[in-house]
Undergrad: 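Would you mind keeping the following structure in view while I ask a few things?
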Amino acid sequence: MAATKNRSVWASMIDSLEGDKIVWMIVFFLIMASVLAISSSTSLLALQSDTSRMSFAMEQVIISVVGLALILLIYKFMNVGILRFFSKFGFIVSAFLLLYLDSHFQGIPFFRPMYINRAWRSISVFGVQLQVFEFVKVMMVMYLAWAMNELKLGRTEMAGKLSAFKHLKFLGTDEGKFMFYIALPMVLVVVLEMMGSNSSAIFLALVMGATLIIGGVKWKYLLHIIIAGLAALMLVFALEKITGWSALERVTTLVSRVTDFKDDPLERLRKETPGTIAFQEVLDDTMQPMSAKVAISEGGFWGKGPGKSTQRYKVAVMYEDFMFSFIVEEYGIIGAIIILMLYGSLLARGSLIVRSCDNHFAKTAVGGLVVLISGQAMLHILVNVDLIPMTGQNLPIVSHGNSSFLAFSMAFGVILSISRMAKKKIDKVTAAYQETPIIVTEDDIKDRLGDLDSMED
């Protein structure tokens with residue numbers, strides 16, 4: 001009796017959730033996987049911090065609650081109109097954060113850029129580290145969804161006003177409006193992000209390109225962006241090569257990672273003398289990816305079991321950049337399949353939501369965010385199995401990182417909020433088909449098609 005009562009409570013809670021229930025399940029499973037994995041993968045971090053793994057587990061539980069609250073807040077109170085309103089500020093906020101980060105300005109104690117792991121990637125806000133790149137990804141996807149929608153509807157007042165100036169007349173053309181609202185913001189954000197992370201900048205460019213495709217961009221405009229992006233990339237490489245400007249030192253890092261990826265790590269070690277600084281640098285660069293591969297190979301089919309990982313003591317960022325390797329080591333191929341199924345299911349459900357959206361902004365936003373989440377997960381996994389060079393992209397929701405968790409919580413909140421609207425349409429269409437009799441006449445079919453057409457209006 002008690003079991004039936006408890007079951008009815010859980011069933012009622014699930015039924016009360018609007019939006020796509022599969023996406024809700026994906027969120028819950030990813031959060032559970034995160035708490036479980038981080039409680040075990042942070043052993044080395046706990047030793048270095050002179051604390052226990054349970055403290056990191058409790059921290060993850062707290063951030064999970066905060067993330068769920070953020071998801072619920074967006075899902076419950078943010079309709080398409082409100083999301084569209086805030087999205088138009090995505091580029092301005094992103095550009096400001098990136099410019100401030102690249103300035104390295106330390107004059108404001110409670111809001112200053114942080115230099116961590118040989119890169120400027122975060123801003124300390126009252127002592128809390130804000131990983132700028134994680135939020136920029138989400139904000140730029142939302143901005144592009146807004147911009148594509150405005151161009152489609154012809155709401156380009158700012159470009160129209162600027163075109164009144166003699167040297168800005170081209171902004172009055174379709175090409176000029178696209179350059180002003182889409183191409184210029186994209187190139188600027190990518191260049192600014194390259195100052196701190198080349199891999200993040202390249203990944204962001206790919207995600208933004210996919211968002212434009214989902215939004216129905218003309219291929220000639222997409223080609224213009226690709227050309228402009230390549231030109232900007234060549235300019236950055238040329239500046240670094242000619243001037244040796246320290247702000248562009250990440251370009252050298254990108255080149256070295258690509259070239260070193262083709263080399264055998266053991267051969268690189270043999271070229272250096274043991275005990276030298278050069279030998280230690282090569283060892284530091286190769287130990288983590290090599291240990292990650294060892295973790296995957298030792299995981300086998302069933303894995304070593306929870307808390308039995310050995311490579312977590314050798315890989316300094318196992319709980320971030322190599323979380324998938326850790327999961328395979330402790331939970332084997334079974335754990336890997338579950339992770340792949342979760343992100344694959346998100347991609348499938350996202351496609352269904354996109355097809356069910358009548359609103360162009362909503363369709364583009366959901367498609368872009370789903371590509372962002374699933375694409376970053378795939379990138380993380382490819383790095384872990386040593387198919388592409390190191391990128392430093394974590395596993396969305398699962399890896400350790402409060403800023404990343406909150407940024408992806410925002411993304412899931414938007415997806416679930418928009419899915420509520422899409423679900424209503426799906427339910428109406430489903431109900432319409434369920435009411436269709438087994439034997440229908442030609443007039444019945446015409447009437448039914450007329451009802452469905454009216455839903456689209």
Side-chain angles (χ1 to χ4, degrees), residues 20 23 80 83-84 87-88 90-91 94 133 136-156 159 173-191 193 199-233 343-380 382 388 391 393 396 408 411-412 414-415 418-419 421-422:
D20 194 292
V23 177
V80 173
L83 289 172
R84 187 169 57 237
S87 295
K88 66 182 178 181
F91 165 64
S94 297
F133 300 157
V136 167
K137 295 172 189 174
V138 177
M139 289 189 293
M140 284 306 297
V141 168
M142 297 300 294
Y143 168 78
L144 289 178
W146 171 82
M148 290 295 293
N149 185 65
E150 298 303 292
L151 289 176
K152 182 179 178 66
L153 298 177
R155 297 192 296 221
T156 55
T173 65
D174 291 341
E175 290 81 0
K177 293 173 183 177
F178 182 82
M179 293 293 290
F180 179 74
Y181 285 99
I182 303 292
L184 183 60
M186 285 180 62
V187 172
L188 181 60
V189 167
V190 169
V191 171
E193 191 157 315
S199 59
S200 292
I202 293 172
F203 176 65
L204 175 61
L206 294 174
V207 170
M208 291 192 295
T211 303
L212 294 184
I213 294 173
I214 294 169
V217 65
K218 293 181 180 179
W219 287 104
K220 67 174 183 178
Y221 292 162
L222 188 62
L223 181 61
H224 291 166
I225 291 180
I226 294 174
I227 293 173
L230 290 175
L233 188 63
Y343 292 110
S345 298
L346 174 64
L347 190 61
R349 298 305 295 183
S351 300
L352 178 61
I353 296 170
V354 167
R355 291 198 301 269
S356 303
C357 284
D358 295 328
N359 185 280
H360 188 259
F361 163 79
K363 179 185 298 186
T364 308
V366 170
L369 292 175
V370 167
V371 168
L372 168 62
I373 298 170
S374 57
Q376 180 160 324
M378 183 55 62
L379 191 65
H380 174 93
L382 289 175
I388 60 175
T391 63
Q393 303 297 317
F408 285 114
F412 272 112
V414 172
I415 294 170
I418 293 175
S419 75
M421 178 190 70

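Side-chain atoms are counted along with the backbone in the values below, which use heavy atoms only and exclude waters and symmetry mates.
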Undergrad: Just say parallel, tilted or perpendicular for the rings of Y221 and F178, cut-offs at 30° and 60°.
TA: parallel
Undergrad: What closest approach, in Å, do P396 and I373 show between heavy atoms, and which atom pair accounts for it?
TA: CG-O, 3.5 Å
Undergrad: Hey, what do you get for OG (S199) to CG (L379), rounding to the nearest 0.5 Å?
TA: 7.5 Å
Undergrad: For residues M186 and L144, determine if any side-chain heavy atom of one lies less than 4.5 Å from a side-chain heavy atom of the other.
TA: yes
Undergrad: For K363, give me all partners under salt bridge (Lys or Arg N to Asp or Glu O under 4.0 Å), at least two apart in sequence or on another chain.
TA: none
Undergrad: So, do L372 and F408 sit near enough that their side-chain heavy atoms are less than 4.5 Å apart?
TA: yes
Undergrad: Pairing donors with acceptors under 3.5 angstrom, does anything connect the side chains of Q393 and S200?
TA: yes
Undergrad: State, to 0.1 Å, how close V190 and A205 come at their nearest heavy-atom pair, and which atoms those are.
TA: CG2-CB, 3.9 Å
Undergrad: Can you tell me how far CD1 of I182 sits from CG of L222, rounded to the nearest 0.5 angstrom?
TA: 11.0 Å
Undergrad: By the definition side chain to side chain contact (heavy atoms under 4.5 Å, CB included), identify the one residue from L212, L184, V217 that meets it with I225.
TA: L212
Undergrad: Considering only heavy atoms from C-beta outward, does the side chain of V414 approach that of V366 to under 4.5 Å?
TA: no
Undergrad: Do M378 and S374 come close enough that some side-chain heavy atom pair is under 4.5 Å?
TA: no
Undergrad: Can you check whether Y143 reaches P185 side chain to side chain, under 4.5 Å on heavy atoms?
TA: yes
Undergrad: Using a 4.5 Å cut-off on heavy atoms from C-beta on, say whether the side chain of W219 contacts that of I213.
TA: yes
Undergrad: Which heavy atom of K88 sits nearest a heavy atom of W146, and at what distance?
TA: CB-CE2, 3.3 Å
Undergrad: Can you tell me how far the CD1 atom of I388 sits from the NE2 atom of H380, to the nearest 0.5 Å?
TA: 10.5 Å
Undergrad: So among R155, K177, H360, which one has a side-chain hydrogen bond (donor to acceptor under 3.5 Å, both in side chains) with E150?
TA: R155
Undergrad: Are L188 and F91 side-chain neighbours, meaning at least one heavy-atom pair lies under 4.5 Å?
TA: yes
Undergrad: Could you pull out the closest heavy-atom pair between T173 and G176, with the gap in Å?
TA: OG1-N, 3.0 Å
Undergrad: Check I418 against C357 and note the closest heavy-atom contact, atom names and distance.
TA: CG2-SG, 3.7 Å
Undergrad: Rounded to the nearest 0.5 Å, what separates atom CG in L83 from atom CZ in F361?
TA: 5.5 Å
Undergrad: Is any side-chain heavy atom of S419 closer than 4.5 Å to one of V23?
TA: no
